[in-house]
Structures are given as C-alpha cells and as structure tokens.
Protein chains: 2
Amino acid sequence: MTATETATDAPPHPAAAALRERRDVSLTILVRREIERSIETGELKAGDWINEALLASRLGVSRGPVREACRGLEQSGLVKVVVNRGAFVREIGAQDARHLYELRAALFGFAGFQLAPIVTDDQIAALRALHDAMETASADTDLDTYYGINLKFHATLLAFTGNDRLAAAYSGFVRELHLFRRRALVSPGRMTASNAEHARIIDALAAHDPDLARSRMEAHVLDARDRVVPPTT
Amino acid sequence: MTATETATDAPPHPAAAALRERRDVSLTILVRREIERSIETGELKAGDWINEALLASRLGVSRGPVREACRGLEQSGLVKVVVNRGAFVREIGAQDARHLYELRAALFGFAGFQLAPIVTDDQIAALRALHDAMETASADTDLDTYYGINLKFHATLLAFTGNDRLAAAYSGFVRELHLFRRRALVSPGRMTASNAEHARIIDALAAHDPDLARSRMEAHVLDARDRVVPPTT
DNA sequence: AAATCGTAAATCGCCGACGATTTACGATTG
DNA sequence: CAATCGTAAATCGTCGGCGATTTACGATTT
C-alpha cells in the first residue's frame, strides 16, 4: 500500500517532493523556520517572550522541538535564552546595530575587493539589471519593492565571489539587523541617492579596480549605518 | 538547613561560586562546553559521530540536553546534524578552509582599518609586548607557546576596536578553522617570518595609517591561507 | 563466493510527566 | 494605604519511554 513498497526510485518520482519535505526535515527545523518567519513578519517583535508550551500546542508539537529550535536560534543571534526564564526575541541596541553594520561593511567591501579582478561581463550585466529595477521602483516610490531588490542586489554580488561562507555570514548579519527598530526611515530621496551609489559601485567593479570597489562598497554600508543609527547615541 | 533559608546575600557570599556555577547554567550549556572542549583537544575529530545516548550516560544526563547542545553547535558551525542519522563533528574541506581564511582576512583587515586612527599608545605598547613574547617563543622554537600568544595577539587587536560582535565573529571563524586538518605544518622559520609581519602591522597602526594597516593585516591572513591550504586543490 | 534479502539490534525523533524555579497576587502588617 | 510576606499558579529544566528509521549481520539465492 505505502510508497515504501516499491523502491524503484531510479527515476526521481515526480510527486515525492511532499514526502521528502517531511522525510528529511525534522520538527525542530520546521519550528525554527516558523519562528524565523514570525520574527521577519513582525508577529514576534524584539524583546517578546517566546512561550514554549503555547507555541508547541499552537504548532501541534511537544516542547522538545521548540526548545531545540530556540537553542539553534540562540546561536544564530535571533534569540536570547535566559536560564529558568525562557527564550526572548533578541533586542538589538544602537551599539549592537552599529557594530553589525560595520561587520556588513567589512564583508561587503571585501567581497568587492575580491570580485573586482575576476568579475565577468555577464555578472556586471546582472547587477546593472538589478540597479535598473531599483531605479524603476525608486521612481514609483515603491519602498517595499526597492528594499527587496536591494537585498537581492547585495546577495547576488556576494554570491558572485564564490565564497558561500561569506554570503552566509553576511545574510546572517542582515537578518540580525532586522531586529533593530526604526529602520524604515527611508525617504524616497534616499532611494535615488542609494541607487546612485550602486551605480558607482558597479562602475568600480566593471573597471576591475579592487580598492575603489572596496572603498565605495564599504562607504555605502557605513553611510547606511550613520543614517539608520546616529553616532550620537 | 539549606542555603536558601537565609537570603542575606547583601555581601556576595564567598563560597557561592560553586552554586552559582550550577544555578545559572543549564545542563545544555555544560554539555555544549564539554563537546567544544572535546573538539578542541582532539578527543573528537572532524567527521566523528556524536553518539547521543553514549555521551549522555557518560556525562550522567539524559539525551535532552545533549540534543539541545548539538542544535546549538550546529548553528555555530562546529557540528553537522543529519536527520535520522545523528550529529557529526563538522568536516572542513579545502574550499571551506580557504573561504574561512578569507573571512578572517576581511574582518582582521577591517579591524586594522578602524583601529589605526584611534589606537592609543598603551594599546600599541600592549601589542608590542605580545610581539616580543612571540619573538622569544620563536627563538626557543616553542610552537605551542607561539600559537597561543598569536591567538591572543589577534584577539587583543580585535578587542581594541571596541566592536565585540566583530571579535566574536572572528573567534568563531577561528574555531571553525580548527576543524581543518593539517594546520601544524608551521616551520620554525615561519614563526619568525610571521612575527616580522606582526611588527610591520603594529608599525602601520602606530603610524595611524588605516589603508596600510588593512593591507598588511589582510595580507597577513591571506598568506596563512595560501600556506596552509594551497590554491591548487 | 558474491550479491541479495530479511530480520534484529541500534539509534533517532518525539512525546508526556515530574520536580525546581520563577512569577503573580492576595493576605498581613506597620 | 504602602510595603512585605507567603502561597498558588505558571513556566522551565530534565528525564524516561515509545514508535519510526537506520544500520548491522547472518541466511538465502544465484
């Protein structure tokens, strides 16, 4: 009756995706994804307490997977666990936010430094396409679209270095930074200014100038740092 | 009878350390520390399988804390968990090792870039003291001592930036890099050469030259990368 | 003898429960 | 009435156990 009867999986079964999705994914991973999603959508805000029992019953699982998920999230910086008091969504202070921006700047700049000498024409074209898309969103004052493409622009550039650890670390820092409040003070004017910086970054990469690319990319992120979290804090 | 009877803890009780050590530390944390220690000392080697039940009984705990510890270690990159097969000490390939070295280079170089303008004379003196200590160890061909002070040199320099997230991320990458085999091919000659680079790094910092400090510090780590894991892999 | 198969042991994922700690809140006292 | 105290509820940390999956290994077949 069951699918395990005939093990003729030589041709990858078309409808096996749903089963695989549950076969090689533990409840712990599912719970972790759910918590990450809740944090990103804002259902869980920084400082919020994560009720183990409530979350467990809400997801129809026991507390074990929830606890394991929280331990993983703790190491990735999204959650703070206090002994005998529970797990809380991490609160990012101004100081931490500045530090995280600087980490982003260091990695992003280094990525440009590494990418500039080896970047291909196709990659430049891909980056320019993203830049153009942001230009359109900027003209429409579509903040959400701009923000999404902006993330993709950075991620794409990072991926072009071929250093996946670099890309993973960068996106981890970005995710942590989401926990810092009041980042939505992006005026429409800032979008065009920011995208102008993107254009100059692409130019530096296309010119195969590592030092120029680095300084522009680093400045790009450090400017965002000073804009989002003022130094006078 | 118990110590909870008299709560006059206004003066911090002298013998309370042992109890605190157990009061605000869960078994999960203790197990995680134990696994980290086993990995660092080599009792657990890269690729080794972590038997949950065996480790639990050996430490006198149940499997719960062991599982939670492994989930934390997984996110910090020291452990790889495979569903329905268990936890394994992470294996770092040549590619990953090179990527991690590059991450170290990016962070170390950026630290120098940030530190150079603001470094104090006392900090320079502290770094020079570590350099001198390494010079002595180098003369005695004392590899272990040199290696230890070298780690301290890097950590101290990172700490001087005041960016603790930077320092934490850096030490995390260093710990991950420990999982890469054959890193002990350090000849006595390399110690003196490496320490000469340290001296030039300190000089650049003392001269308050951010770009020079960065390029020297970045090159310092990238040289180590090419020495430990050749590009022709 | 090599390969295949089937069964038993080992191990993992998950659950429910119990004691310990923390928190909430009303009673008591000055 | 404010502050303190004590008790009850809520929550966390930990444990042992059960079914499901994987692995080990001997029997069977070619």
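Lettering follows sequence order; numbering is per chain, from 1. Heavy-atom basis, side chains included; hydrogens, waters and symmetry copies ignored.
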| request: Send over the distance from Ile29(B) CD1 to dC12(D) P, rounded to a whole Å. | output: 15 Å

| Expressed in angstrom and rounded to an integer, what is the separation of Ile50(A) atom CD1 from dC12(D) atom C1'? | 14 Å

| message | Below 30° counts as parallel, above 60° as perpendicular, anything between as tilted: where do the rings of Phe108(B) and His154(B) land? | response | parallel

| task | Could you state the atom-to-atom distance from CG of Asn51(A) to P of dG13(D) in whole Å? | result | 12 Å

| request: Assess Arg104(B) against Phe173(B): is NZ or CZ under 6.0 Å from the centre of the six-membered ring, and within 45 degrees of the ring's axis? | output: no

| said: Expressed as a whole number of angstroms, how long is the span from Phe88(B):CZ to dC12(C):P? | reply: 8 Å

| Can you check the Leu27(B) CG to dA20(C) C1' distance for me, whole Å? | 13 Å

| request: To the nearest Å, give me how far apart CZ (Arg32(A)) and P (dG13(C)) are. | output: 13 Å

| query | Between Gln123(B) and Leu115(B), is a side-chain contact (heavy atoms from CB on, under 4.5 Å) present by the stated rule, with each step listed? | reply | CA-CA 10 Å; Gln123(B) 292 171 336; Leu115(B) 182 59; 4.1 Å; yes

| Crowded around Arg58(A) CZ? As in, over 12 foreign heavy atoms under 6.0 Å? | no

| query | Separation of Leu55(B) atom CG from dC12(C) atom P, in whole Å? | reply | 11 Å

| request: Please say which of Glu102(A), Arg227(A), Met217(A) ends up in a side chain to side chain contact (heavy atoms under 4.5 Å, CB included) with Leu222(A). | output: Glu102(A)

| message | Between Glu36(A) and Arg175(A), is the side-chain contact (heavy atoms from CB on, under 4.5 Å) condition met? List the steps. | response | CA-CA 9 Å; Glu36(A) 287 174 348; Arg175(A) 225 175 12 193; 4.0 Å; yes

| query | Is the shortest side-chain N/O distance from Thr28(B) to OP1 or OP2 of dT14(D) below 4.0 Å? | reply | yes

| note | Taken to the nearest whole Å, CG/Leu54(B) to C1'/dA10(C) is 12 Å

| dC12(D) pairs with, by Watson-Crick or G-U criteria that keep both distances under 3.5 Å | dG19(C)

| said: Does Phe180(A) form a side-chain contact (heavy atoms from CB on, under 4.5 Å) with Leu100(A)? I'd like the steps, not just the answer. | reply: CA-CA 10 Å; Phe180(A) 185 65; Leu100(A) 286 170; over 6 Å; no

| field | Any Trp49(A) side-chain nitrogen or oxygen under 4.0 Å from OP1 or OP2 of dA10(D) | value | no

| said: Does anything in residues 67-80 of chain A come within less than 4.0 Å of DNA chain C? Heavy atoms only, and list the residues if so. | reply: none

| field | Set of side-chain hydrogen bond (donor to acceptor under 3.5 Å, both in side chains) partners for Arg67(B), sequence neighbours left out | value | Glu68(A), Glu52(B)

Could you go over nucleotides 16-22 of chain D and give all protein N or O partners under 3.5 Å, atom names and distances?
none

| said: I'd like to know whether Leu55(B) forms a side-chain contact (heavy atoms from CB on, under 4.5 Å) with Arg63(B), so could you lay out the CA-CA distance, the side-chain angles of the two residues, the decisive distance to 0.1 Å, and finally the verdict. | reply: CA-CA 8 Å; Leu55(B) 181 58; Arg63(B) 280 175 50 219; over 6 Å; no

